[in-house]
Amino acid sequence: MKVGLVFGVSELASPEAFREEAANFVRVLEQDFDVVGGEIIQSRSDFRKLKEKINFNDVDALVLFPLTGGTEGFLKEFSVFRRPTVFYGNPFNNSLAAAIELREYFRDRLIPSTVVKSSEELKAALLAYDDMKDVLDRFLRARIGLIGRVSPWLINEKLDIPYTHISLKKFYEYYEKTTAEEGWEAVKEIVENAEEIKEPDRESLAKAGRVYVAIKRILEDYHLKGFTVGCFDLIGKIGTTPCLALAMFNAQGIPAACEGELNALIGMMIIRKFFDEPAFMGNLADFDENHVVIAHCTAPLVSKYVLRTHFESGRGVGVAVEFPPGKATLFKIRGRHAVVAGVEVEGNEFLESRCRTQVRLKLEDAPEFVDGTLGNHHLLAYVDPEELSDLLSELGFEVMLY
Ligand SMILES: C[C@H](O)[C@@H](O)[C@@H](O)C(=O)CO
């Protein structure tokens with residue numbers, strides 16, 4: 001197992017005073033692991049120099065040892081590598097205190113991390129990360145993108161994780177290069193297989209297809225494995241929505257979230273990567289004693305569907321998908337917190353005053369769930385709630401299982 005090791009010493013202290021301790025630590029770690037690094041750093045500029053010298057992207061885990069307090073500001077920079085991280089702390093010179101502060105920073109960025117204070121605990125923590133290597137890599141190394149901006153009503157959307165940003169201007173450049181024929185070709189089969197096409201005409205369907213083609217090219221050019229798009233901003237400019245494109249991508253295995261939401265995208269990525277299933281991202285539209293209804297204008301095309309307009313704007317192409325009955329999981333991720341509930345898909349509703357796909361779920365004590373959940377958008381997937389909750393815990397989320 002390849003381990004990247006770095007020591008931090010405050011600029012107020014002399015690194016010389018710690019050289020011997022650091023060298024001994026390296027020697028002990030080298031007995032069990034292939035160690036790279038081992039340097040003492042004291043500032044952000046030291047971090048930048050070290051980054052040029054050592055590729056921490058290819059280590060299996062990081063060990064960061066703040067030998068003193070006052071080291072958080074530059075050791076936190078190692079979060080950029082998104083490697084499982086063990087913080088070693090001892091009870092002297094505010095070492096442990098700094099380690100605990102650093103762990104919080106990493107966990108907020110969804111990086112599995114832990115604090116240890118003995119070499120036995122360190123070895124055990126590293127071996128545990130090694131055991132989970134495949135699982136963790138699948139989660140930590142995914143390249144995701146945000147097209148446009150996070151929708152302004154997502155007032156709780158704070159998620160400090162790396163993503164590639166594609167401006168709307170860039171998106172429009174791609175869109176302008178597509179043609180109506182290409183757009184139509186892209187959606188032709190989807191149109192043919194629809195139960196009904198309610199409002200959209202051929203021109204509108206071709207336009208929705210052009211959005212699909214433009215995004216597909218963006219995904220290829222930027223090597224993205226999933227994305228979210230600030231969809232409402234498109235309406236004024238090109239008179240359509242990406243609802244149909246997102247429905248198609250999700251059905252094809254590419255996690256695609258709307259409204260620029262990264263939290264939902266992370267959840268969709270997890271469901272796709274670990275269960276090979278799509279997830280439906282919906283608004284909590286209603287609830288009663290034992291039910292909730294979630295609704296949105298895009299949904300993975302998992303079964304029968306009707307093509308409609310997007311509800312709020314009356315433009316573009318939205319989808320009303322009939323979700324098949326069965327056991328499923330309703331969940332929400334917000335930062336490092338997650339709520340998970342086992343539900344039963346009972347059927348669909350068809351109110352005209354709501355987003356087009358409306359799924360009615362049986363959920364025991366629904367008011368309690370609604371009271372305790374973390375905001376509006378939820379994800380629905382046909383997976384086992386306990387399995388999902390165990391996986392989320394393994395990935396470092398704090399899970400509330402209903
Ligand atoms: C509740 C939000 O403000 C919603 O309007 C949003 O999530 C949408 O679904 C918009 O289609």
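Read the numbers this way: they start at 1 and go in the same order the structure lists the ligands and their atoms.
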- Counting each atom of ligand 1 from 1 as listed, which ones have a heavy atom of N376 under 4.0 Å away? 1 (C), 7 (O)
- Which class fits the ring pair F81 and F56: parallel under 30°, tilted 30 to 60°, perpendicular over 60°? tilted
- Under-4.0 Å salt bridge between K76 and E104: no
- Query: In terms of atom number and element, which parts of ligand 1 are under 4.0 angstrom from non-hydrogen atoms of E312?
  - Reply: 5 (O), 8 (C), 10 (C), 11 (O)
- Message: Strictly below 4.0 Å, N to O, side chains only: are R272 and D276 in salt-bridge contact?
- Response: yes
- Item | Nearest-contact summary for atom 9 (O) of ligand 1 - protein heavy atom, Å | N283 ND2, 2.7 Å
- Query: F232 vs W153 aromatic rings, parallel, tilted or perpendicular, using cut-offs 30° and 60°?
  - Reply: perpendicular
- Note on the structure: Closest to atom 3 (O) of ligand 1 among protein heavy atoms sits W153 CD1, 3.5 Å
- Message: Could you tell me, atom by atom, which parts of ligand 1 come under 4.0 Å of a heavy atom of F232?
- Response: 10 (C), 11 (O)
- Message: Can you tell me which portion of F311 lies within the under-4.0 Å heavy-atom range of ligand 1? Options are side chain, backbone, both, or neither.
- Response: neither
- Item | N-O pairing of D34 and K2 below 4.0 Å | no
- May I ask you to identify the nearest protein heavy atom to atom 8 (C) of ligand 1, giving residue, atom name and distance to one decimal place in Å? E259 OE2, 3.0 Å
- Please determine if K237 forms a cation-pi arrangement with Y172, meaning its NZ or CZ atom is less than 6.0 Å from the six-membered ring centre and no more than 45° off the ring axis. yes
